[in-house]
A.B. asks: 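Sharing a structure below in structure tokens format, with a few things to ask.
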Amino acid sequence: MFHIPITSLKAQFGDIDIYLFDQLLKGRIQKGMKLLDAGCGNGRNIQYLMQAGVKVYGADVSETAIEQVNQLAKELAPTLPARNFIVADLENLPFADTEFDVVICSAVLHFARSEAHFSSIITELWRVLKPGGLLFSRLSTTIGLEGKLQQMEGRFYQMAHGPVWFLADEAMLVKLEKQLGFMRLDPLKTTVVEQDRSMTTWVLRKV
Ligand SMILES: C[S@@+](CC[C@H](N)C(=O)[O-])C[C@H]1O[C@@H](n2cnc3c(N)ncnc32)[C@H](O)[C@@H]1O
């Protein structure tokens, strides 16, 4: 009667971000596309994609993260070359201009060291994207929590769960879109995690 066990969902998609999953459902990421996961961490967002025939690349400043992702790729997608996964700071990526169809950057940008560092990361992600390419980012912002956060210095905030994070605001995102030449594919969507943080989904097409 029922042919699809609910448990197969987790087996197939792992811990993929649900807003990235939404982009998949919208058909914006396809087999054969070249995709960079910028700040890939342990690879939760590329586990499915690498098995689905997407040409996945990953960059992270952490050597341990890149070792883990290489191991994951060896097991799940042995045809992906190990050189696709590199240790790098996102503000200086060793990739050619306009190389990627898709760049994803999830839960990374609050680690920016300054507003200039944040802007140079976005500029670098824009540089490696093809015209018409997709930038999918989930980032912590002040949106929806204006006046409720403990501001330290500039755009740095003491988060309720402990760390100090760099938080962008909407004006900053709009300015970068205009400066670089990005078009919004979806309106900004922000999830406010009660008394903790705001996570904004920012989905752009390079013009
Ligand atoms: C919270 S994890 C998110 C990992 C993954 N994107 C995800 O959504 O599960 C943040 C990752 O960003 C990496 N990272 C932070 N700042 C970075 C930078 N400037 N350049 C490259 N990687 C960075 C960290 O090493 C870490 O692996």
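Side chains included, hydrogens not; waters and symmetry mates left out as well; all remaining heavy atoms used. These numbers come from a predicted model, not from an experiment. In listed order, ligands and their atoms are each counted from 1.
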A.B. asks: For the pair R127 and D97, find out whether any cationic side-chain nitrogen is under 4.0 Å from an anionic carboxylate oxygen.
C.D. replies: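 D97 and R127: salt-bridged.
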A.B. asks: State whether the number of non-hydrogen atoms from other residues, nucleotides or ligands found under 6.0 Å of K26 atom NZ is greater than 12.
C.D. replies: yes
A.B. asks: If only side-chain N and O atoms count, and only distance matters, is there a donor-acceptor pair under 3.5 Å linking E177 with W202?
C.D. replies: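 The answer is yes; a qualifying pair exists.
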A.B. asks: Are the side chains of F95 and I86 in contact, using a 4.5 Å heavy-atom criterion?
C.D. replies: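 I86 reaches F95 side chain to side chain.
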A.B. asks: Protein residues near ligand 1, heavy-atom distance below 4.0 Å?
C.D. replies: G39, C40, G41, R44, N45, D60, V61, S62, A88, D89, L90, S106, A107, V108, F111, H117
A.B. asks: Measure the CG-CZ distance between L139 and F111 for me, rounded to the nearest 0.5 Å.
C.D. replies: 12.5 Å
A.B. asks: Check R113 with E91, please: is the shortest side-chain N to carboxylate O separation under 4.0 Å?
C.D. replies: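 Judged by the 4.0 Å cut-off on N to carboxylate O distance, E91 and R113 do form a salt bridge.
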